[in-house]
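Letters go in sequence order (proteins before strands), and every chain restarts at 1.
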2 protein chains.
Amino acid sequence: MAMRIGELAERAGTSVKTIRYYDRIGVLRPEERSESGYRLYGEDALDRYRFVRAAQAVGLRLGEIREIIALRDLGETPCAFVVDLIGRRAAELDAQIADLAALREELRTLDRRARRLNPRRCEPRLICHVIDPEI
Amino acid sequence: MAMRIGELAERAGTSVKTIRYYDRIGVLRPEERSESGYRLYGEDALDRYRFVRAAQAVGLRLGEIREIIALRDLGETPCAFVVDLIGRRAAELDAQIADLAALREELRTLDRRARRLNPRRCEPRLICHVIDPEI
DNA sequence: CTTGACTCTCCCCTATAGGGGAGGCTTTAG
DNA sequence: CTAAAGCCTCCCCTATAGGGGAGAGTCAAG
């Protein structure tokens with residue numbers, strides 16, 4: 001009935017290392033251990049695994065996912081917590097996107113400058129007048 | 001005439017650790033060492049430092065910056081190399097921005113779903129129906 | 001002469017999500 | 001019975017740009 005780690009990994013389409021790691025950080029604990037210490041998982045482990053991946057796919061970190069699961073295991077509905085997490089992640093994403101877009105714009109400026117400048121007029125005193133123009 | 005590391009760091013507005021690190025990875029080598037092993041820098045170290053920061057600010061990594069500086073120290077004009085680097089970094093940025101925007105869109109979907117779903121109808125069998133709806 | 005401020009090298013630590021491999025049991029098939 | 005395949009724990013490693021601190025040498029002023 002119970003799966004060992006290799007079977008779970010294969011059915012989940014992942015590596016044994018990953019499942020062991022999930023056990024270690026507490027997002028996917030085995031139901032029990034065999035007498036010889038082997039991790040034994042039930043069928044629901046596959047659902048759990050799928051949940052972890054779904055949560056990762058929307059940008060949550062394993063630490064946050066562990067907290068969601070912990071709430072669930074305490075019998076609470078983690079909805080409010082999840083909505084809050086998602087809101088914060090969204091704000092982080094917005095900031096990150098804005099940063100990258102600004103950087104992208106900066107690169108466009110550099111590209112225009114590079115087209116305007118003549119490589120032969122590149123003063124050896126400076127390292128690169130494209131990046132550091134000093135007027 | 002020659003500055004020691006503390007003075008350079010202060011005038012550059014950075015930390016001694018950073019200057020030492022730049023020496024170690026080869027982006028900002030001291031002109032020489034004193035008898036007792038102290039790093040000694042000339043005035044141009046400040047320009048170099050400024051260049052490194054300018055290059056970092058447009059998204060280049062220290063490893064790439066080192067290559068630009070190495071080219072320069074070989075007497076070549078690194079313009080072509082820099083333009084190439086900038087082009088590649090721009091492409092990376094575009095891809096990254098697209099990824100983040102897709103993730104952001106995904107979060108918007110989740111947010112809409114969370115508003116539609118009733119937390120009380122959250123089935124205990126699933127961990128969180130906002131993230132992993134199974135339907 | 002001594003104290004305090006600098007400086008040196010060396011080593012560990014940060015976050016993330018695992019990967020690689022060693023050395024040693026356990027289980028299963030033939 | 002034996003060999004292969006699985007499994008265990010433990011430890012190091014990845015990339016980035018440094019930060020923290022130990023222990024020891026150096027330099028200036030009082």
Side-chain angles (χ1 to χ4, degrees), chain A residues 1-41 45 48-49 51-67 69 85 89 92-93 96 99-100 103, chain B residues 1-41 45 48-49 51-67 69 85 89 92-93 96 99-100 103:
Chain A
M1 191 63 246
M3 278 179 279
R4 289 192 310 199
I5 197 169
E7 187 184 344
L8 174 58
E10 189 168 359
R11 288 176 61 186
T14 187
S15 71
V16 167
K17 278 278 187 187
T18 297
I19 303 290
R20 257 190 221 119
Y21 179 62
Y22 285 3
D23 178 14
R24 188 150 58 86
I25 66 173
V27 299
L28 183 50
R29 292 260 154 83
E31 229 167 57
E32 53 171 343
R33 294 277 189 144
S34 78
E35 236 174 88
S36 50
Y38 286 15
R39 293 173 178 82
L40 299 177
Y41 297 87
R48 282 247 167 155
Y49 176 80
F51 171 75
V52 173
R53 287 304 186 177
Q56 275 189 304
V58 298
L60 299 186
R61 281 163 226 149
L62 291 174
E64 296 165 335
I65 297 168
R66 176 186 41 204
E67 293 185 68
I69 291 177
L85 265 183
R89 176 67 65 251
E92 278 178 37
L93 268 183
Q96 240 181 308
D99 283 356
L100 293 186
L103 198 51
Chain B
M1 192 65 244
M3 279 179 280
R4 289 191 312 199
I5 197 169
E7 188 184 343
L8 174 59
E10 190 168 356
R11 289 177 61 186
T14 186
S15 71
V16 166
K17 277 282 188 185
T18 298
I19 303 291
R20 255 189 221 119
Y21 179 63
Y22 285 2
D23 178 15
R24 188 151 58 85
I25 66 173
V27 298
L28 182 51
R29 292 260 153 83
E31 230 167 54
E32 53 170 345
R33 294 279 188 142
S34 77
E35 238 175 82
S36 50
Y38 286 14
R39 292 173 180 82
L40 299 176
Y41 297 88
R48 281 249 168 153
Y49 177 79
F51 171 75
V52 173
R53 287 303 185 177
Q56 274 190 304
V58 298
L60 300 186
R61 281 163 226 148
L62 289 174
E64 297 166 333
I65 297 169
R66 177 185 41 206
E67 293 186 68
I69 291 177
L85 265 183
R89 175 68 64 250
E92 279 179 35
L93 268 182
Q96 239 181 309
D99 284 356
L100 292 186
L103 197 50

Check: A/Leu60 main-chain N/O paired with A/Arg89 side-chain donor or acceptor under 3.5 Å: no

Nearest-0.5 Å distance that lies between atom CG in B/Leu93 and atom CG in A/Leu103: 5.0 Å

Sugar-phosphate only, base, or nothing, as touched by B/Arg20 at under 4.0 Å among non-hydrogen atoms: base

Phosphate OP1/OP2 of C/dT26 contacted by A/Arg39 side-chain N/O (<4.0 Å): no

Between C/dG19 (P) and A/Tyr21 (OH): distance, integer Å: 10 Å

Sugar-phosphate, base or nothing in reach of B/Arg66, heavy atoms under 4.0 Å: nothing

Separation of D/dA17 C1' from B/Arg61 CZ (nearest whole Å): 12 Å

Atom-pair distance (CD1 on A/Ile19; P on D/dG6), nearest Å: 16 Å

Among C/dC8, D/dC27, C/dT27, the nucleotide that comes nearest once only the side chain of B/Arg4 is considered: D/dC27

Nearest-angstrom distance from the residue atom OH of A/Tyr49 to P of C/dA17: 13 Å

Polar side-chain atom of B/Arg33 near backbone of B/Tyr38 as donor-acceptor pair, under 3.5 Å: no

Sugar-phosphate only, base, or nothing, as touched by B/Ser15 at under 4.0 Å among non-hydrogen atoms: sugar-phosphate

Euclidean distance, atom CG of residue B/Leu60 to atom C1' of D/dA17 [Å, nearest integer]: 15 Å

Residue-phosphate contact under 4.0 Å: A/Ser36 side-chain N/O, D/dC7 OP1/OP2: no

A/Lys17 or A/Glu7, whichever maps to the more 5' nucleotide of DNA chain D: A/Glu7

Which atom of B/Leu40 lies closest to which atom of B/Ala2, heavy atoms considered: CB-CB, 4.0 Å

Atom-pair distance (CD on A/Glu35; P on D/dC7), nearest Å: 18 Å

Euclidean distance, atom CG of residue B/Asp23 to atom P of C/dC10 [Å, nearest integer]: 12 Å

D/dG18 OP1/OP2 closer than 4.0 Å to side-chain N/O of B/Tyr22: yes

Sugar-phosphate only, base, or nothing, as touched by A/Ile5 at under 4.0 Å among non-hydrogen atoms: sugar-phosphate

Length of the line joining A/Arg24:CZ and C/dT16:P, which is rounded to integer Å: 14 Å

Atom CD of A/Glu92: over 12 foreign heavy atoms under 6.0 Å: yes

A/Tyr38 (side chain) and D/dG6 (base): donor-acceptor pair under 3.5 Å: yes

Earlier contact from the 5' end, DNA chain D, for B/Arg53 and B/Ser34: B/Arg53

